[in-house]
Amino acid sequence: MVLGLEKAEVPDESQHSSSSADQVVENGREGSISPHRDSDSIHSHSSENSIRPVPEKEEIVQRTKSRSSSTRSRTINVIPRLERRGLLGNIAIIPEVDQPKHYKNSTKWLITLIVAISATAAPLGSAIFFPALAQLSADFNITPTIANLTVALYMLSMSIFPLWWSSFSETLGRRTIYLVSFSLFTIWNVGAALSTSIGMLIIMRMLGGGAAASVQAVGAGTIADIWEPKERGRAMGIFYLGPLMGPLLAPVVGGALAQKWGWKSTQWFQVIYGGVLFIILTSCLPETLERTKPRVPQQEVSDGNMTDRQTLTRISTTRSVKNKTRKLAKIFKRCIIDPLAVLGYLRFPPVLITVYLASCAFACLYVLNVSIQKTFGEAPYSFSVLIVGLLYIPGSLGYLIASLFGGKWSDKIMHREARAAGRYDDNGKLLLQPEDRLRENAWLGAIIFPGALIWYGWTAEKHIYWIVPIIANFFFGTGSMIIFSTSTTMLTEFLSKKSSSGVAVNNFVRNIFSCVGGIVASPIISAIGNGWIFTILGIWAWISAAGVIWSMKKFGLKWRADMNQNLKYV
């Protein structure tokens with residue numbers, strides 16, 4: 001038996017069809033869908049362009065049985081080892097298959113876990129440095145604002161590099177990008193650990209952050225490659241545990257390492273982490289990007305190449321120059337123009353406001369991170385480096401809880417909305433709409449995390465006992481994580497055929513917001529205090545979140561239909 005494959009069954013799809021058919025029958029006992037169904041519901045991320053009346057009960061059952069039997073008769077084709085794509089793809093333990101969504105669930109979860117662990121690397125590199133910033137300032141004799149640049153510019157590189165990683169992953173595949181980026185991540189962290197000046201350290205960290213940021217874009221693409229939309233919210237929530245385990249573990253690890261061996265030990269830790277990840281990715285991760293062209297058997301390729309060689313003829317120098325120029329232009333377009341072109345998705349309102357919502361929460365997060373280090377490392381608290389690191393745990397516990405339950409909750413809401421609107425296709429399958437994910441879950445997150453910011457700001461400003469402002473961070477983590485995971489999942493569904501590009505645009509904008517937040521946080525806190533800065537951020541976040549949720553509910557369907565028409569999505 002080949003690891004991770006089902007020979008002749010794809011249970012998720014058939015089970016979904018069967019249960020959906022039952023729901024149609026139950027909801028339509030009178031023989032028709034409710035007459036109040038909105039005609040706009042024909043636009044769906046996972047549907048055809050029109051909906052015909054729901055068939056009678058017997059017809060639905062017959063179609064469902066027929067569809068289930070035909071699904072069971074399908075076989076999953078394992079790609080021969082020598083024909084597998086991706087760098088060193090022939091040595092991966094989990095084989096590449098022609099339809100990645102047909103992996104059995106245990107294999108999908110294993111791939112999701114590997115990608116989530118890899119996604120920890122980039123945020124780990126930023127958060128691990130927060131407890132050590134005071135040491136860095138003393139060693140290089142620099143101001144706290146300059147020390148914060150090592151984190152802020154790291155975040156800036158995390159916003160820019162994924163544009164290239166995501167663009168290349170759509171042509172070179174996911175696996176190659178993972179392996180190249182993590183080999184570079186390990187090398188640049190060696191340079192950071194050996195840095196002899198603040199300038200060298202900032203450059204090495206920017207390069208390392210840009211390398212590790214590949215997973216933030218490509219990782220979401222991998223999740224979209226292997227999971228159906230009806231299950232993607234839960235999978236995306238688990239995937240997002242990776243990026244959020246960085247803020248949970250990194251300050252603790254960074255505080256312990258910096259207190260024992262100094263700030264350079266944090267960089268050596270990243271070297272080890274990157275090296276281990278490179279080995280895991282090389283050994284276990286298959287290529288998951290779906291093939292756009294039919295696979296040609298190796299023998300036919302060999303024969304074709306031989307025929308081509310026999311028919312080669314001498315060409316003129318002029319034609320040769322034209323061919324080389326055309327080839328260089330194509331390379332320039334692929335390397336420079338195509339990565340920047342993904343920013344064009346921001347012209348579509350569903351993408352723009354979804355990215356904006358996530359960016360607001362992300363900016364607040366990094367202002368909060370700087371505030372914790374500054375506020376509790378100074379009088380009257382004056383905590384040690386290790387204790388400051390431990391103070392980041394409650395917020396990350398909020399991320400953890402929201403990740404475990406928020407994604408599954410989002411999936412249920414989307415299914416509920418589709419059933420309530422009577423959106424089914426001819427086979428009784430629910431027609432799901434991404435914007436349905438923004439319902440009571442998003443309102444809850446939009447109320448909790450801005451309120452928690454104001455709570456934290458004034459209790460920290462008045463130097464109330466440390467546990468009171470730190471509890472507020474737990475609620476900030478819970479509320480903001482609901483927004484993060486829901487926004488990212490929606491982007492993979494809005495841009496289903498370019499899922500990694502959509503997430504790359506999200507990372508680009510939100511990390512720019514976080515970079516600005518990391519730079520201005522310390523001087524603004526010194527100028528006006530924690531209370532006022534977090535009150536301003538809380539009001540801004542609440543107005544932004546409420547506006548986005550309301551706009552998506554009212555205009556989301558029309559906006560997405562226009563976007564799909566523009567992108568020629570079928």
Side-chain angles (χ1 to χ4, degrees), residues 120-155 157-158 185-186 188-209 212 243-277 365-397 466 470 473 514 518-519 521-522 525:
T120 306
L124 178 112
S126 65
I128 202 171
F129 230 46
F130 279 118
L133 289 177
Q135 286 186 351
L136 188 67
S137 299
D139 282 2
F140 287 119
N141 193 26
I142 56 177
T143 65
T145 301
I146 299 298
N148 285 337
L149 286 177
T150 60
V151 175
L153 294 181
Y154 182 98
M155 298 302 301
S157 70
M158 286 175 59
F185 173 73
T186 305
W188 300 134
N189 276 292
V190 171
L194 299 176
S195 295
T196 55
S197 67
I198 188 63
M200 179 180 177
L201 177 63
I202 289 175
I203 292 173
M204 291 295 105
R205 278 181 54 78
M206 286 182 68
L207 293 172
L244 295 172
M245 287 301 286
L248 172 64
L249 300 176
V252 180
V253 173
L257 291 174
Q259 185 165 299
K260 181 72 174 178
W261 293 291
W263 65 265
K264 288 191 174 184
S265 62
T266 64
Q267 304 307 293
W268 286 116
F269 177 85
Q270 289 181 257
V271 171
I272 297 171
Y273 191 78
V276 170
L277 281 177
L365 167 63
Y366 273 81
V367 175
L368 181 62
N369 285 341
V370 171
S371 174
I372 292 172
Q373 184 273 327
K374 178 178 175 60
T375 303
F376 293 96
E378 299 175 355
Y381 296 106
S382 301
F383 291 154
S384 67
V385 174
L386 177 59
I387 299 301
V388 170
L390 293 173
L391 295 180
Y392 289 89
I393 291 179
S396 297
L397 287 176
W466 65 271
I470 294 305
N473 293 348
S514 65
I519 292 174
S522 184
I525 291 172

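Numbers here are sequence positions counted from 1.
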**Q** Using every non-hydrogen atom in the two residues, find where Gly191 and Met204 come nearest and quote the distance to one decimal.
**A** C-CG, 3.6 Å
**Q** Hey, is the main chain of Ser384 close enough, under 3.5 Å, to the side chain of Gln259 for a donor-acceptor pair?
**A** no
**Q** Kindly determine whether Val388 and Tyr381 satisfy side-chain contact (heavy atoms from CB on, under 4.5 Å), including the steps that lead there.
**A** CA-CA 10 Å; Val388 170; Tyr381 296 106; over 6 Å; no
**Q** Rounded to the nearest 0.5 Å, how far does CD1 of Ile519 lie from CG of Leu149?
**A** 5.5 Å
**Q** Under the side-chain contact (heavy atoms from CB on, under 4.5 Å) rule, what do Ile372 and Asn473 come out as? Steps first, then yes or no, please.
**A** CA-CA 10 Å; Ile372 292 172; Asn473 293 348; 3.4 Å; yes
**Q** Kindly indicate, with the supporting measurements, whether the criterion side-chain contact (heavy atoms from CB on, under 4.5 Å) is fulfilled by Val151 and Leu133.
**A** CA-CA 9 Å; Val151 175; Leu133 289 177; 4.3 Å; yes
**Q** Rounded to the nearest 0.5 Å, what separates atom OG in Ser382 from atom CD1 in Ile387?
**A**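 It comes to 13.0 Å.
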**Q** At their closest point, which heavy atom of Pro123 faces which heavy atom of Met158, and how far apart are they?
**A**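 Scanning both residues, the minimum pair turns out to be N-CE, 4.4 Å.
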**Q** Would the distance check show the side chain of Tyr392 and the main-chain N or O of Asn369 forming a donor-acceptor pair, the cut-off being under 3.5 Å?
**A** yes
**Q** Which atoms form the tightest heavy-atom contact between Lys264 and Ala193, and what is the distance?
**A** CD-O, 3.3 Å
**Q** For Met206 and Leu153, work out which heavy atoms get closest and say how close.
**A**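 That closest heavy-atom pairing would be CG-O, 3.6 Å.
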**Q** Go through Phe185 and Leu277 one step at a time and tell me if the side-chain contact (heavy atoms from CB on, under 4.5 Å) criterion holds.
**A** CA-CA 10 Å; Phe185 173 73; Leu277 281 177; 5.8 Å; no
**Q** Taking Arg205 for its side chain and Tyr154 for its backbone only, find out whether a donor-acceptor pair lies under 3.5 Å.
**A**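 Looks like no, no N/O pair under 3.5 Å.
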**Q** side-chain contact (heavy atoms from CB on, under 4.5 Å) with Thr186: which residues, sequence neighbours excluded?
**A**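 Expected list: Val271.
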**Q** Cut-off 3.5 Å, no hydrogens considered: what does the side-chain donor-acceptor table look like for residues 139-146, sequence neighbours left out?
**A**
| residue | atom | partner | partner atom | Å |
| --- | --- | --- | --- | --- |
| Asp139 | OD2 | Trp263 | NE1 | 2.9 |
| Thr143 | OG1 | Ile146 | N | 3.3 |

**Q** Has the side chain of Ser265 got a donor or acceptor atom that lies under 3.5 Å from a matching backbone atom of Leu257?
**A** yes
**Q** Is there a donor-acceptor pair closer than 3.5 Å between any side-chain N or O of Ser371 and the backbone N or O of Val367?
**A** no
**Q** Which heavy atom in Ser522 sits nearest to a heavy atom in Val370, and how many Å separate them?
**A** N-CG1, 4.1 Å
